[in-house]
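Everything below concerns the one structure shown next.
Because the structure is a prediction, the values reported are computed rather than measured.
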Amino acid sequence: MANVYKNVQATITSSGSDDPIYTVPSETTSVVKSIRMYNTDASARTVQTTITDTSASADYIFDNSSVLATDSVDVLNFNNVVVLEAGDILKMQCATADVIKVTVAVLEMTRT
């Protein structure tokens, strides 16, 4: 079993539809340690975070965050973590494209 720490950085490029930010590799369990968003726009934006549980074939809204103009926000607070199974997908959406930058810190634990 190998443990790998990763920073996943992305920009929400779609407007009004889910952008996949992180997909858990096969034979892996991932612990999401932090999700930080930065709004580069001059207006406040709302960002919806969704988790696709592929084993249940279902999407679950995890969070709706308001990010003030040129400010940042943490989605996970108070030492919370999210555990994702192989194939699960962390997705985000914003009504305006290319203004929200995302950094996700993940611990990947492979089973092989």
query = Would you call Gln93 and Asp18 a side-chain contact if the rule is heavy atoms closer than 4.5 Å?
reply = yes
message = Quick test of your reading: applying salt bridge (Lys or Arg N to Asp or Glu O under 4.0 Å), list the pairs with at least one residue in residues 53-69, sequence neighbours left out, ordered by first then second residue.
response = Asp59-Lys91
inquiry  = Within the 3.5 Å criterion, strictly below it, is a donor on Thr96 or Arg45 matched to an acceptor on the partner's side chain?
reply    = yes
task = Report whether Val73 and Val8 are members of the same hydrophobic cluster (ILVMFWY, side-chain heavy atoms less than 4.5 Å apart, transitive linking).
result = yes
key: Least distance between heavy atoms, Gly87 atom then Thr23 atom   = O-CG2, 4.2 Å
inquiry  = So if I apply the side chain to side chain contact (heavy atoms under 4.5 Å, CB included) rule between Tyr38 and each of Thr70, Val67, Thr11, which one comes out positive?
reply    = Thr70
message = Can you tell me which residue among Val24, Leu76, Asn80, Leu107 is in a side chain to side chain contact (heavy atoms under 4.5 Å, CB included) with Val32?
response = Leu76
key: Spacing of CE belonging to Met37 relative to CG belonging to Asp74, to within rounding of 0.5 Å   = 8.5 Å
request  = Write out all pairs satisfying salt bridge (Lys or Arg N to Asp or Glu O under 4.0 Å) with one or both partners inside residues 92-101, taking only residues at least two apart or from two chains.
outcome  = none
ask   = To the nearest 0.5 Å, how far apart are CG in Asn64 and CD in Gln48?
value = 5.0 Å
ask   = Using a distance-only test with no angle check, is there a side-chain donor-acceptor pair under 3.5 angstrom linking Tyr22 and Ser30?
value = yes
task = Go through the steps to decide whether Arg36 and Thr103 satisfy the test side-chain hydrogen bond (donor to acceptor under 3.5 Å, both in side chains), and finish with yes or no.
result = CA-CA 5 Å; Arg36 186 160 183 89; Thr103 300; over 6 Å; no
request  = State, yes or no, whether a side-chain contact exists between Met92 and Ile100 at a heavy-atom distance under 4.5 Å.
outcome  = no
Minimal non-hydrogen separation, Ala95 against Ser15, with atom names = O-CB, 3.2 Å
ask   = Among Glu85, Arg111, Glu108, which one satisfies side-chain hydrogen bond (donor to acceptor under 3.5 Å, both in side chains) with Thr29?
value = Arg111
key: Gap separating the OG atom of Ser66 from the CG atom of Asp71, nearest 0.5 angstrom   = 9.5 Å
inquiry  = Looking at every heavy atom in both Ala86 and Ser26, which two are closest together, and how far apart are they?
reply    = CB-CA, 4.0 Å
query = Can Leu68 be reached from Val99 by stepping across I, L, V, M, F, W or Y side chains whose heavy atoms are under 4.5 Å apart?
reply = no
key: Asp88 side chain to Ile51 backbone, donor-acceptor under 3.5 Å   = no
query = Should Val104 and Tyr5 be counted in the same cluster of Ile, Leu, Val, Met, Phe, Trp and Tyr side chains packed under 4.5 Å apart?
reply = no
remark   = Separation between CD1 (Ile12) and OG (Ser17), nearest 0.5 Å, reads 10.5 Å
message = Do Phe62 and Thr50 make a side-chain contact, defined as non-hydrogen atoms from C-beta onward lying under 4.5 Å apart?
response = no
inquiry  = In the structure I gave you, are the side-chain heavy atoms of Val106 and Lys33 within less than 4.5 Å of one another anywhere?
reply    = no
Heavy atoms from other residues, nucleotides or ligands near CG of Asn77 exceed 12 (cutoff 6.0 Å) = yes
query = Between atom CG of Leu90 and atom OG1 of Thr52, what is the distance when rounded to the nearest 0.5 Å?
reply = 9.0 Å
key: Interatomic distance, Thr46 atom OG1 to Asn39 atom CG [nearest 0.5 angstrom]   = 9.5 Å
